[in-house]
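Input: a single structure, listed below in structure tokens.
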2 protein chains.
Amino acid sequence: MVRKPTSKETARKPNMREAILAAAEELFATNGFNAVSVRDIAQAAGANPGSVTYHFKTKDGLLLEIYRRHCGPMNLRRSELLAAAKRVRDLQDRLEAIVRAYVVPAFTSGSDLAGGGARFTRLRAVMSAEGNEVARKIIAQTFDDTSHAFIDAIHESLPHIPRTDIVWRSHFLLGALYYSLVTPDRVSRLSRGEADGSDAAGAIEQLVQATVAAFQAPALDQAAPARRRPAVTSKA
Amino acid sequence: MVRKPTSKETARKPNMREAILAAAEELFATNGFNAVSVRDIAQAAGANPGSVTYHFKTKDGLLLEIYRRHCGPMNLRRSELLAAAKRVRDLQDRLEAIVRAYVVPAFTSGSDLAGGGARFTRLRAVMSAEGNEVARKIIAQTFDDTSHAFIDAIHESLPHIPRTDIVWRSHFLLGALYYSLVTPDRVSRLSRGEADGSDAAGAIEQLVQATVAAFQAPALDQAAPARRRPAVTSKA
DNA sequence: ATGTGATTTGTACTATCGTACAAAAGATCA
DNA sequence: TGATCTTTTGTACGATAGTACAAATCACAT
């Protein structure tokens, strides 16, 4: 023991496990689950392929651990922000605060790592699109409670809107949120450089503003029955 | 030539090529590109694996042909509906007609097959999420023109909203649209059976209603500067 | 210094992938 | 009917997938 830095929280703690998790998260979020091989992940993490098996047993196990790592903190943060939002007096402000409480944790860090929130949310978006079984199970049993809590809170702010409409609009919100993280470049392209799709703060403001308005739209049933003029059916 | 039914458009034309295209479309749209093997597709189409290679050379070629098959008709239909929508006098009605012109072809049949529009749109959603290269190229050079046309039309209906905001909100619309087709079961689940996420007509009405309201939301810059109270930052 | 448990490495196995290609089968027209 | 072109079949090849496992290495308390 000649002044060895105890290797705890001091100089470098390579911590292969963490490196693998981070690399897998990044690769899965950008390329999908099946397009990324265990060897790809190992290489990106500077690890040996066998090391992945050692720490996570299977590729599914690795994905599972990524979810476990993020779900708790993100839902906790959402709960905190939702509780705070519910205390807002003004009804309009409260609705905006609720939406913000839902959106912000998805874009920003869930716990420690910078941009981790956005990366994990993008991962969820991609897994959802691919119909990943592991993800589907976790999502349903981890996020549905949170989703219901938000839907209920929004419904309380908009009692005249049927719950069904609130559910649909919440669904649209999540879809818009996901898509913003999946292809931010499309926004930059279509705006001809005027907007930056990768700017999280800008995306949040735009999303919150648009979503609040969408929630406040009149309910479907009571939409002025005199002006039904869909103009939908063209000749095939 | 003894009255042979010329095999054109008559009795049965198995047309393996079409069967393979349909099977691939379905499988890609629900499982992603890499999760589906050429053998899976062949089996689902009742064809031989080698037959896929014969008709489409490569797996990428197969995906490419799926896009080629749908892009033209869908964009044509959108153009027709957009042109009709632009002729609507009332500004509010016109905006709704424009949004409808964008949404409806994505949910309904692009040309002949029932439900083909929704299936192809779901395919695009999944490919987009997976960052598929083949899809990315086609999308950018095939759909950006249409997107710009819609953005311009919407901007004309809402001249007081900056184009950047319109772009963002159009982006949210597409994200919501995609997500509705990717996980319709989530709507059914969260609404506790009150809504059916698989009901295309219902989804369209909800999406149009919510989106029109989102487009009509005040612009970001001029959002009453006195009421900035984000209530965002919690104690990490 | 040494023993012990945790981690990393290297390698190998089997399965499946996309694709190629020759042979069989089917269609078409003189 | 026989020749020719298109389509389908069957099989095979090299590459790569996920995972297992023994050996090597490391961390560290004694």
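Every chain is numbered from 1 and lettered A, B, ... according to where its sequence line falls, protein lines coming before strand lines.
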Q) Does the pair Glu130(A)/Arg136(A) count as a salt bridge with the N-to-O cut at 4.0 Å? A) no
Q.
From CG of Asn48(B) over to P of dG26(C), roughly how many Å is that when rounded to an integer?
A. 14 Å
**Q.** Counterpart residues, side chain to side chain donor-acceptor pair (under 3.5 Å), relative to Asn34(A) (two or more places apart)
**A.** none
Q. Taking atom P of dA17(D) as reference, at what distance in whole Å does atom CG of Asn31(A) sit?
A. 13 Å
Q. Quick one: does NZ or CZ of Arg186(B) land under 6.0 Å from the six-membered ring centre of Phe143(A), within 45 degrees of the ring axis?
A. no
Q: Is it possible for you to check whether Arg78(A) lies under 6.0 Å from the centre of the six-membered ring of Tyr102(A), through NZ or CZ, and within 45° of that ring's axis?
A: yes
Q) Ser51(A) has a side chain; which of dA20(D), dT9(C), dA20(C) sits nearest to it? A) dT9(C)
Q: Decide, yes or no, whether a salt bridge links Arg122(A) with Glu26(A) under the criterion of side-chain N to carboxylate O below 4.0 Å.
A: no
Table of protein N/O atoms under 3.5 Å from nucleotides 22-26 of chain D N/O atoms:
none

Q: Determine the interplanar angle of the Phe120(A) and His70(A) rings, folded into 0 to 90°, and report it as parallel if under 30°, tilted if 30 to 60°, perpendicular if over 60°.
A: parallel
Q: For Ile20(B) and dT19(C), give me the distance from atom CD1 to atom P, rounded to whole Å.
A: 14 Å
Q) For Tyr54(A) and dT9(C), what is the distance between atoms OH and P respectively, to the nearest whole Å? A) 13 Å
Q.
So that I know where these two stand, are Tyr178(B) and Tyr178(A) an aromatic pair - ring centroids less than 6.0 Å apart?
A. no
Q | Mutual orientation of the aromatic rings belonging to His171(B) and Trp168(B) [parallel < 30°, tilted 30-60°, perpendicular > 60°] | A | perpendicular
Q.
Output the rounded distance in Å from CD1 (Ile41(B)) to P (dT8(D)).
A. 16 Å
Q) To the nearest angstrom, how far is His55(B) atom NE2 from dT19(C) atom C1'? A) 16 Å
Q) Rounded to the nearest Å, what distance is computed from the CZ atom of residue Phe56(B) to the P atom of nucleotide dT7(D)? A) 11 Å
Q: Write down the distance between CG (Leu63(A)) and C1' (dT19(D)), rounded to a whole number of angstrom.
A: 17 Å
Q: Let me have a per-nucleotide readout for nucleotides 12-17 of chain C, 5' to 3', with B, S or -, counting only protein heavy atoms under 4.0 Å.
A: B----B
Q: Please determine if Arg119(B) forms a cation-pi arrangement with Phe28(B), meaning its NZ or CZ atom is less than 6.0 Å from the six-membered ring centre and no more than 45° off the ring axis.
A: no
